[in-house]
Structure formats: C-alpha cells, structure tokens
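Working notes for the structure below.
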Amino acid sequence: MTPTDLLRGLPRASLYVRLSKAADDRNLSRQGMTDDLRRLCAEHGFAEIALHVDDGKSGAVRDRPEFRAWLADAIEGRANVLLAWHVDRLSREGLNVAAIILDVIEGKDPDTGKNVRPPVRLIGYDDRLDSEDGDGFRLNFVIKAEQARAELNRMKKRSQARVKRMRKEKRSTGGLTPYGFQRAPRGPMELEHDPVSASVLRGAVRRVIEGASIASIAKDLNTRGVLSPRDHAAVRDTGEPRKDKDTGEAMPPQLWTDQTLRRMLTNPVLLGWLTDDRKVVRDGDGKPVLRGEPLISKEDWGALQGAITGARKPKHRAAPEAMLSGGVLCPLCGEVLHFHWAVKTRQEYRYYRCSGRTRKENGCTAGAPRAERLEQLVGEVLLSTVGDLDVLRKVYVPGDDTAADLADVAERMRELREDRTAGLYRGDQGAAEFREMYANLERRREELASQPSRPDGWEYVPTGQTYRQLWESSDTAGRRALLRDSGVRVEAMKTAATVSVGLFDRPEGYVATDVAVRDGVQLGLYLPGDLAARVTGNPVATIVMRQRPLPVAV
C-alpha cells in the first residue's frame, strides 16, 4: 500500500491463499488464486496491504502461520477487508473454525462475545460470499464451512477405500520409493533398480555379511559423502538438493545413522517383495508379491539376516584406542570395565575401571588395572593357549529350495493366523477364505515335509591364519575384533593378593583356561566351549582351572 492510497482513504484489504500441496513449477493454482483476489481488489477499489500464503498446508489444521497472520491483520486494525478465494481455503473444520472467523469479522472478543473493535468485511471470490449481505451471509458461510468439512471426510474415506482396494489387489499403496529402487516408467512391476543407490546398498549388504558392523558402515558412508536416502531422492528426481518447504533454501545434508541402515537391511523389499507395514504381501498361493526385481539373492538375504541377528555385540560402544574397551568384565561383580584415559603432569595414564563401582555404586572394591599391562597379559595368555590354532571364519550356507519353501510356508501360515486373530477374516465369507488358504498351505507343507531337505545354517571354515599370525599382524581394533568374534571372555582387576579371589557365577558354556594373579593384576581368560574343545582335541573335555600364585609387583 502506497502513501497515496493511505491519503485517499481506500479500504485496506488483506489477501489469503492456501494450497494443500506445496506449489512448484507445475502447480499454477497459487498464482491463479492470487490473481483472482487482486482483480477483486481492483473491482472494489481496495488497497492491498498484505498477501498471506500457506503453501502445502492442510485445511484440517487451524494453526497455520499465515492464516493466523491474516486474521491478525483485522484484529490489530491493519486491514478492514479480508479477501479469500473460497471458504474451503480458510478451513475444513466446519463450525469449529467458522465461529472463530465470525468473531473476527464482527469484532467480538472470543471469550466474552462482546464487541471490542470495529467489524471488518469478508469477501470470497469463488463462492461469492460477502459479509455485508447480513443474515444471508452468516447462513451461507456456515453451510459452506460444513460442506468443506464434509468434503474432507469424503476425501479421507475415498483415500481409505483406495488403500483397502489396492491392498486387496496386492498392489503398493504408495509412500516413499525404497532406497535402491526408482519408479519404473511402465511394465508389470512398479520399481526398477536405481543404479546409484542400488550399488551403495549392495555394498553395505556385502560388508555386513563379511562381519562389519552396521554403525561402522553408516559412519563410512558419511565420511565418503554418500548422500542419505532423502538427499539422494531429491537430487535424482529434481536435480537439486532438498529445499526447505517454506523458504525454498537448500537444506543441509542428512547423515546416515545405524538405525536407518538397519531398517533398510532388514526390509524384505531387498528381495523385490511388496510389503505392507513391513509385512510381506502374498498372493493366493502364499507366494510373495513382487514389486520389482530383487536387489540381492535369497542366499545373501539369509546370510545378511543371520549376520545382523546373530552377531555378538559389545555391551558398550568400543573406544577406538582401547583393545579391551567394552570387552573385559570385573571378577567381583560382573560389570563391564570401562576404559579411562587421563594426562597428569605430562604423564599419560590408561586404565580399566569397574563400572559397577564408578557408575552403579554397587560397592565393588575391585581395583583398576593399567591398560598397558592388562592388554599385554591378555595377549600372552591367549597366544599361549590358542596361538597355534587356525582362526575359523563363520560362513553362511544356504539350505536347498525345499527347506526355503518350508520356511516360507510356515511364515505364511503364521501371518494368516495373526490376520485372523486381528479380525481380518470376519463373517462367513471371510472364514471360508481363511480356511481355504490355510488348507492349501497345510497340503503344501505336507508335500514339502515328505521331501529331503537341508535348512539354512552356518559353518566354520579355516582362514589359513593362526591366532598368533592374525594377532601379531593386527592393530588394536583388529585384536579387539578377534577377541569378540572368537567369543573369548576376559575378567580382570588390580589386586595386591597373590591368589585369585571373589569369582562370581558365569554363564554356562565357558571354560576357564587361565585364572591367575600376575604383576598385581588378576586375569581370568575363559574360552567358549567349541574353542576349548579344539584346544584339548576332546569335544567333551573341560580344561582344568590353574591357580598360579606369582610374586606381586611392588
């Protein structure tokens, strides 16, 4: 509004436009509605003082910033005319929000209902509403507000019916395109491989199968600047980085997290299967419905899930500079020893301290051993016991097709029972459909069970290196991984005694190979049963605990 308009005393109009979806180059409704309202200003001789646009905001939400600012123009006296394109652009909540708008138009306090300011005029462009029409306006305004609410409910019901129909037809109900895929232009399946993200995902699958942790892979992806799923999708689909919906400015890249990567690696969409709420959608024969060509083989899928669910994970995050971080326990209370590092008067101190004593305050009296001495002792005892044994690598061996089909049938039968319990097969027709599908699966299971099969499993194969060779050629992280993957259990504390004391109850399956006090450190090394059997050559042998009192370092 110019100073000339103010001197002329033209009615001051505030304009409001709302779009349900964010405007872009293909969406002209925003500009069209704005042009219509400005023509209305010109026809009535109004001076435009503000244009408020809620871009990509639902009418079912009343707390829209520009909608609130539009009403404030009238409440605070900046405008005496409010222009909107249609009532359904103002709200789709019906009478609830209509009453709020009427109070603003009539200048009433919303709490007391008393007139506290001059009324303003409301004009709708498309619905031809004008508050100067008196009671006729109020009646039409309320009716149109309720019509907008009813239309929203109809849209919701149509959307729900569409989802229900697509689920019944075994089709995808929409949503984000899974990472590794992109929308196919045509054909019986809706997805095809994305050449960039598919390669990244396959690389992550391979590394997890080979023993890498999901967290380390996520960290590496961030270090190498690999775009996160949302950032990659934005660049692929628009050629530009993600932008803020309100400001249009480029947003900072999202980081990969182990949670994000884990969800991807445990999602059956890797096999090209259609999922609904992460459950596999199956056809009438119980077979998974394909949404796209598989990204990985069934063999790799089985190995991947086994590596994720069966991997031993330390209780606490491993510190990169400490060989035993998160992997050594207190022999008195059984809590984890945490690695601590400090520098005092230019002297570096590294030691392991019982978390039961420092964090859980359980009264544990175990002393904290120096890290250098403890790590050296662990290496000496480990290599004296298993140093000449070959290191075995855990390898996933897929079962045959019969075993895989049996597992698939069993999973489908379980899902059917869950669906029935959840009430998805109601009524006589639903019950008949359930019985027919379940009977077909039972017959299929009996057929498969009568055939010889070999289930999926894991085998240990030699790596060609002994524990000594691998230990001596590894860095700190490699040695920590060797201890973890071998299942070796370490217990330690600083002590002034000459014999080991206070041993607590341990899980079954561990065999003591060495428990002794050396140089003021009580060290216990325990092997898992399979490794202990290899040491003795007897699969049922038990290694006798050896107590070897040694002089205490002064």
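- Of the possible polar contacts, one joining the Asn222 side chain to the Ala218 backbone as a donor-acceptor pair under 3.5 Å is found.
- When each of Arg443, Arg420, Glu433, Arg417 is checked for a side-chain hydrogen bond (donor to acceptor under 3.5 Å, both in side chains) with Tyr438, only Arg417 meets the rule.
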Test side chain to side chain contact (heavy atoms under 4.5 Å, CB included) on Asp54 and Leu19 and set out the steps. CA-CA 6 Å; Asp54 277 317; Leu19 291 90; over 6 Å; no

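- The heavy-atom pair separating Lys108 from Gly113 by the smallest distance is CD-O, 3.6 Å.
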Does the side chain to side chain contact (heavy atoms under 4.5 Å, CB included) test come out yes or no for Tyr425 and Leu416, once each step is laid out? CA-CA 9 Å; Tyr425 294 95; Leu416 272 178; 3.4 Å; yes

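- Minimum interatomic distance between Val17 and Met33 (heavy atoms only, all atoms of both residues): CG1-CE, 3.6 Å.
- Side chains of Met413 and Glu442 form a contact here, defined as non-hydrogen atoms less than 4.5 Å apart.
- In this structure, Arg480 contributes its side chain and Ala322 its backbone to a donor-acceptor pair below 3.5 Å.
- A distance of 11.0 Å separates OG of Ser297 from CG of Leu270, quoted to the nearest 0.5 Å.
- Side-chain N or O atoms of Asp258 include none that pairs as donor or acceptor with a backbone N or O of Ile214 at under 3.5 Å.
- A distance of 10.5 Å separates CG in Leu221 from OG1 in Thr257, rounded to the nearest 0.5 Å.
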Please test Arg353 against His340 for side-chain hydrogen bond (donor to acceptor under 3.5 Å, both in side chains), starting from the C-alpha separation and ending with a verdict. CA-CA 7 Å; Arg353 196 163 59 185; His340 287 264; 3.1 Å; yes

Derivation of the side chain to side chain contact (heavy atoms under 4.5 Å, CB included) call for Leu102 and Phe137: CA-CA 10 Å; Leu102 286 173; Phe137 160 78; 3.9 Å; yes

Apply side chain to side chain contact (heavy atoms under 4.5 Å, CB included) to the pair Trp256 and Leu261, showing each step before the final yes or no. CA-CA 7 Å; Trp256 286 87; Leu261 190 55; 4.0 Å; yes

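- Rounding to the nearest 0.5 angstrom, the gap separating the OG1 atom in Thr34 from the CD atom in Gln31 is 5.5 Å.
- Remark: Asp109 does not engage Lys114 in a salt bridge, criterion side-chain N to carboxylate O under 4.0 Å.
- Between Tyr179 and His232, the ring planes lie perpendicular to each other; the angle is over 60°, past the 30° to 60° tilted range.
- Of the inter-residue distances, the one linking Leu71 atom CG with Arg62 atom CZ reads 11.5 Å to the nearest 0.5 angstrom.
- Nearest heavy atoms, Glu335 versus Ser355: CB-OG, 3.6 Å.
- Looking at residues two or more places apart in sequence or on another chain, you find a salt bridge (charged side-chain N to carboxylate O under 4.0 Å, His left out) between Arg236 and Asp194.
- Proximity of a side-chain donor or acceptor of Asp130 to a complementary backbone N or O of Asp133 within less than 3.5 Å is not detected.
- A distance-only check finds a donor-acceptor pair linking the side chain of Thr309 to the backbone of Gln305 [under 3.5 Å].
- The nearest pair of heavy atoms linking Trp301 to Asn267 is CZ3-O, 3.4 Å.
- Shown here is Arg426, whose CZ atom has no more than 12 heavy atoms of other residues, nucleotides or ligands within 6.0 Å.
- In this structure, the side chains of Phe67 and Val97 come closer than 4.5 Å at one or more pairs of heavy atoms.
- For the atom pair CG of Leu265 and CD1 of Ile308, the computed distance is 5.0 Å after rounding to the nearest 0.5 Å.
- The environment of CZ in Arg128 is sparse: at most 12 heavy-atom neighbours from other residues, nucleotides or ligands sit within 6.0 Å.
- Using a cutoff of 4.0 Å between basic side-chain nitrogens and carboxylate oxygens, Arg92 and Asp88 are scored as salt-bridged.
- Side-chain N or O atoms of Arg12 include none that pairs as donor or acceptor with a backbone N or O of Ala47 at under 3.5 Å.
- Not one N or O on the side chain of Asp231 forms a donor-acceptor pair closer than 3.5 Å with the backbone of Arg242.
- Of all heavy-atom pairs spanning Gln182 and Thr177, the tightest one is CA-CG2, 3.9 Å.
- Around atom CD of Gln429, no more than 12 heavy atoms belonging to other residues, nucleotides or ligands sit under 6.0 Å away.
- Judged by distance alone, the side chains of Tyr16 and Arg64 do bring a donor and an acceptor atom under 3.5 Å apart.
- The CZ atom of Arg39 sits 9.0 Å away from the CG atom of Leu37 when rounded to the nearest 0.5 Å.
- Evaluation of the side-chain hydrogen bond (donor to acceptor under 3.5 Å, both in side chains) test over residues 134-149, restricted to residues two or more places apart or in two chains, returns Glu106-Arg138, Glu146-Arg149.
- Outside the 6.0 Å centre-distance limit, the rings of Trp273 and Phe181 are not counted as a close aromatic pair.
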Can I get a per-line list of side-chain donor-acceptor pairs under 3.5 Å for residues 198-209, giving both atom names and the distance, sequence neighbours left out?
| from | atom 1 | to | atom 2 | distance (Å) |
| --- | --- | --- | --- | --- |
| Arg202 | NE | Leu295 | O | 2.9 |
| Arg202 | NH2 | His193 | ND1 | 3.1 |
| Arg207 | NH1 | Asp220 | OD2 | 2.9 |

